[in-house]
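Notes to accompany the following structure.
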Amino acid sequence: NIQVRKLPLLLMLSLLGLVFAGTFSACGDDDDDLEQYREWIVSNNKWIKAKEAELNPETGEPMYVKVVPSYDVGAYVLMRWINDRKETEKNLSPYYTSTVDVKYIGYLYDGTPFDSSYLLTSNGDSIFRTDLKSVIQGWQIALQMMHAGDSCEVIIPFQSAYGNTGSGDIMPYSNLRFNMRLKDVHKYEIK
């Protein structure tokens with residue numbers, strides 16, 4: 001009778017042991033993951049720090065504006081406008097719920113291109129149409145800072161891109177650079 005009462009306790013202790021073992025082995029996997037990508041991470045971090053510190057040779061001002069959204073102060077992107085912003089300041093700027101038309105080319109930190117809208121034709125010449133809420137956080141931050149007609153170079157840290165998992169040809173821990181133009185705000189919703 002005493003043995004029967006101990007059985008549930010033994011089962012519960014065994015399950016807790018399995019949970020803790022799984023937690024510690026998952027931590028080990030992260031360490032292996034970091035070691036596997038250590039050189040890539042170091043190179044990406046050096047590059048993004050250099051971009052953040054880069055100065056405009058003509059003015060001595062920072063080349064990029066660091067944009068930190070109020071809803072996530074741990075996230076950011078670096079942006080450099082290519083056009084004169086005074087010419088577009090009265091144009092629409094998308095919300096998180098908007099649908100936008102964008103032309104873009106995406107690059108890894110080392111200049112390797114990985115994606116481009118210039119191969120698309122379904123929504124017009126080279127247009128990528130998307131809901132803001134459907135793209136990576138870095139795009140959401142950048143596009144909400146742009147007005148229709150703006151062209152920007154956008155530097156996105158891996159945490160606001162594809163994180164520690166990567167995607168397709170994009171390795172984990174990849175900081176990204178996009179040349180993008182917000183062609184239009186296709187659906188302007190304020191929900």
- Worked check of side-chain contact (heavy atoms from CB on, under 4.5 Å) between Tyr64 and Glu54: CA-CA 7 Å; Tyr64 297 91; Glu54 192 174 334; 3.8 Å; yes

- If the plane angle is over 60° it's perpendicular, under 30° parallel, otherwise tilted; pick one for Tyr173 and Tyr37. tilted

- Query: Okay, side chain of Ser98, backbone of Val100: is any donor-acceptor separation there less than 3.5 Å?
  - Reply: no

- Query: Between Val154 and Ile105, is there a shared hydrophobic cluster once you connect ILVMFWY residues whose side-chain heavy atoms come closer than 4.5 Å?
  - Reply: no

- Verify, without hydrogens or angle tests, whether Asp150 (side chain) and His147 (backbone) share a donor-acceptor contact under 3.5 angstrom. yes

- Message: Is there a continuous path of hydrophobic side-chain contacts, each under 4.5 Å between heavy atoms, that joins Val65 to Val77?
- Response: yes

- Item | From CA spacing to verdict: side-chain hydrogen bond (donor to acceptor under 3.5 Å, both in side chains), Asn83, Ser151 | CA-CA 6 Å; Asn83 61 289; Ser151 293; 4.8 Å; no

- Verdict with supporting geometry, Arg80 and Leu78, side-chain contact (heavy atoms from CB on, under 4.5 Å): CA-CA 7 Å; Arg80 180 174 65 93; Leu78 303 175; over 6 Å; no

- Message: Hydrophobic clusters here meaning ILVMFWY residues chained together by side-chain heavy-atom distances under 4.5 Å, can you tell me if Val68 and Ile156 are in one?
- Response: yes

- Looking only at side chains, do Tyr96 and Asp131 share a donor and an acceptor under 3.5 Å apart? no

- Indicate yes or no: at least one non-hydrogen side-chain atom of Tyr76 is less than 4.5 angstrom from one of Ser160. no

- Query: Got a donor-acceptor contact below 3.5 angstrom from the Ser93 side chain to the Met146 backbone?
  - Reply: yes

- Query: In terms of hydrophobic clustering (I, L, V, M, F, W, Y; side-chain heavy atoms under 4.5 Å; direct or indirect links), are Met171 and Tyr109 co-clustered?
  - Reply: yes

- Report the C-alpha distance between Gln144 and Leu132 in whole Å, list the side-chain angles of each, state the deciding distance to 0.1 Å, and finish with yes or no for side-chain contact (heavy atoms from CB on, under 4.5 Å). CA-CA 9 Å; Gln144 289 181 80; Leu132 247 60; 3.4 Å; yes

- Item | Distance-minimising heavy-atom pair for Gly149 and Arg181 | O-NH1, 3.1 Å

- Is it the case that one hydrophobic cluster holds both Ile141 and Val73, taking links as side-chain heavy atoms less than 4.5 Å apart, direct or via other members? yes

- Side-chain H-bond candidate by donor/acceptor type, Ser174 with Trp40, under 3.5 Å: yes

- Task: Begin with the C-alpha distance, continue with both residues' side-chain angles, and end with the deciding distance and a verdict on side-chain contact (heavy atoms from CB on, under 4.5 Å) for Ile170 and Leu108.
- Result: CA-CA 8 Å; Ile170 302 170; Leu108 300 177; 4.3 Å; yes

- Query: Do other residues, nucleotides or ligands put more than 12 heavy atoms under 6.0 Å from Asn91 CG?
  - Reply: yes

- Query: How far apart are the C-alpha atoms of Gln137 and Asp72, what are their side-chain angles, what is the distance that settles it, and do they pass the side-chain hydrogen bond (donor to acceptor under 3.5 Å, both in side chains) test?
  - Reply: CA-CA 10 Å; Gln137 184 182 31; Asp72 185 354; 3.0 Å; yes

- Message: If the threshold is 4.0 Å, N to carboxylate O, is there a salt bridge linking Arg38 and Glu35?
- Response: yes

- Under 3.5 Å donor-acceptor, Asn56 side chain and Met63 backbone: no

